[in-house]
Amino acid sequence: STIQSNTITTNGSSGYGIYLDTSSNSNIVQSNNITTSGSTGYGVFLFDNSNSNTLQSNTITTNGSSGYGIYLYSSSNSNISSNTITTSGSSGYGMYLISTVYKNLVYNNNITTSNTNNYGIYLSRNAYNNTFYDNNITTKNMSGSYGIYLLDEAVNNTFYRNTISS
């Protein structure tokens, strides 16, 4: 399937701009304008073996207590490129990769986070063999600010030519 050139706005306690659920494979998510607000907002969410997807040229803005620009959970082999992600609120994550996430290619994205605690790219719990390059990450905060954050079995990932500033 192709999800292209849509304007999506969500509000509420949990808002999802685009949600690819269990085994949603080989989709193209391109040129969408996504805004989420409320306590927890997700711009694009890939869940449980949603593999080999292309996320490209999307503009994602999250506001609220916790905001996630692009969230991958147990998903692999996707290309994530040329997205513009902006998060604000209490805690924000430009990209969040967790729980058996591998062989994703992440490049040429612009990520800006301005939160109390914020993370440009966050990897945890068995995130491995992912490649990140040519990304621009800006973190603006009041307490904790991390351009790239690796935790709990985030291994064998490659990062090169990324620009990180705060």
Side-chain angles (χ1 to χ4, degrees), residues 1-6 8 15-34 36 40-62 66-87 91-113 115 118-139 145-165:
S1 297
T2 298
I3 304 170
Q4 182 174 0
S5 301
N6 298 288
I8 301 167
Y16 296 85
I18 296 173
Y19 192 121
L20 302 181
D21 203 351
T22 309
S23 299
S24 295
N25 299 325
S26 303
N27 297 288
I28 298 171
V29 178
Q30 178 176 313
S31 302
N32 297 288
N33 189 344
I34 302 165
T36 68
T40 306
Y42 303 88
V44 179
F45 193 109
L46 275 62
F47 182 73
D48 203 16
N49 295 311
S50 291
N51 303 322
S52 303
N53 292 291
T54 299
L55 311 178
Q56 144 184 330
S57 301
N58 298 289
T59 299
I60 301 168
T61 305
T62 68
S66 296
Y68 302 86
I70 294 175
Y71 191 120
L72 273 65
Y73 179 91
S74 294
S75 297
S76 64
N77 295 306
S78 290
N79 284 326
I80 304 170
S81 67
S82 303
N83 297 288
T84 299
I85 301 168
T86 305
T87 69
S91 58
Y93 304 84
M95 291 192 190
Y96 192 88
L97 288 74
I98 189 167
S99 190
T100 315
V101 178
Y102 59 94
K103 293 186 182 177
N104 294 288
L105 186 60
V106 179
Y107 61 97
N108 206 29
N109 297 285
N110 289 305
I111 301 169
T112 302
T113 62
N115 311 78
N118 59 73
Y119 306 84
I121 297 174
Y122 182 102
L123 280 74
S124 181
R125 291 198 351 234
N126 210 16
Y128 62 94
N129 295 340
N130 298 288
T131 303
F132 302 83
Y133 67 94
D134 292 340
N135 296 291
N136 292 311
I137 302 167
T138 303
T139 58
S145 178
Y146 308 93
I148 297 171
Y149 190 89
L150 308 178
L151 175 72
D152 194 22
E153 298 181 26
V155 297
N156 296 325
N157 295 288
T158 303
F159 296 86
Y160 63 97
R161 290 194 323 248
N162 296 288
T163 301
I164 302 169
S165 61

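All heavy atoms count here, side chains included; hydrogens, waters and symmetry mates do not. Worth saying up front: this structure is predicted, and the values here are computed from it rather than measured.
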In sequence, state the C-alpha distance, the side-chain angles, and the governing distance for T139 and T113, and then conclude on side-chain hydrogen bond (donor to acceptor under 3.5 Å, both in side chains). CA-CA 5 Å; T139 58; T113 62; 5.1 Å; no
Heavy-atom closest pair (L97 atom, A127 atom, distance to 0.1 Å) is O-CB, 4.1 Å
Donor-acceptor contact present, side-chain S31 to main-chain S5, <3.5 Å: no
Could you tell me which non-hydrogen atom of D48 sits nearest to which non-hydrogen atom of S75, and how far apart they are? N-OG, 4.1 Å
From S1 atom OG to N25 atom CG, the distance as rounded to the nearest 0.5 Å: 11.0 Å
One should read off an interatomic distance between N83 CG and I70 CD1, to the nearest 0.5 angstrom, of 4.0 Å
Given the options Y73, Y146, Y122, Y96 meets ring pair (Phe, Tyr, Trp, His ring centres under 6.0 Å) only with Y122
Nearest heavy-atom neighbours spanning V101 and L72: CG2-O, 3.6 Å
Paired with F132, the side-chain contact (heavy atoms from CB on, under 4.5 Å) test is passed by just one of V106, N104, L105, namely V106
Determine the interplanar angle of the F45 and F47 rings, folded into 0 to 90°, and report it as parallel if under 30°, tilted if 30 to 60°, perpendicular if over 60°. tilted
Just verifying a value: how many Å separate Q56 CD and I28 CD1, rounded to the nearest 0.5 Å? 8.0 Å
Check this for me: does any side-chain nitrogen of one of D134 and R161 sit under 4.0 Å from a carboxylate oxygen of the other? yes
Is a side-chain donor or acceptor of S50 paired with a backbone partner of D21 at a separation under 3.5 angstrom? yes
N126 versus Y102: any side-chain heavy-atom pair under 4.5 Å? no
Please check this pair: side chain of N109 against backbone of I80, looking for a donor-acceptor N/O pair closer than 3.5 Å. yes
Point-to-point distance, once rounded to the nearest 0.5 Å, from CG of N108 to OG of S82: 4.0 Å
Measuring only between side-chain heavy atoms, which start at C-beta, is Q30 closer than 4.5 Å to T54? no
Nearest 0.5 Å please: distance from the CG atom of N135 over to the CD1 atom of I148. 8.0 Å
Is any side-chain heavy atom of Y71 less than 4.5 Å from a side-chain heavy atom of I98? yes
Apply the test side-chain hydrogen bond (donor to acceptor under 3.5 Å, both in side chains) to residues S76 and N51: give CA-CA distance (whole Å), side-chain angles for both, the deciding distance (0.1 Å), then the verdict. CA-CA 5 Å; S76 64; N51 303 322; 3.2 Å; yes
Intermediate values then yes/no, side-chain contact (heavy atoms from CB on, under 4.5 Å), Y160 and T131: CA-CA 8 Å; Y160 63 97; T131 303; 3.9 Å; yes
Within a strict 4.5 Å, meaning less than it, do heavy atoms of the L55 and L46 side chains meet? yes
Is it true that a side-chain atom of N27 and a backbone atom of I3 form a donor plus acceptor pair closer than 3.5 Å? no
Nearest non-hydrogen partners of G17 and I8, listed with the distance: O-CG2, 3.6 Å
Does any N or O in the side chain of N58 come within less than 3.5 Å of the main-chain N or O of I34, such that one atom is a donor and the other an acceptor? no
Parallel, tilted or perpendicular: which describes the rings of Y16 and Y42, with under 30° parallel and over 60° perpendicular? parallel
To the nearest 0.5 angstrom, please state how far the CG atom of L20 sits from the OG atom of S78. 8.5 Å
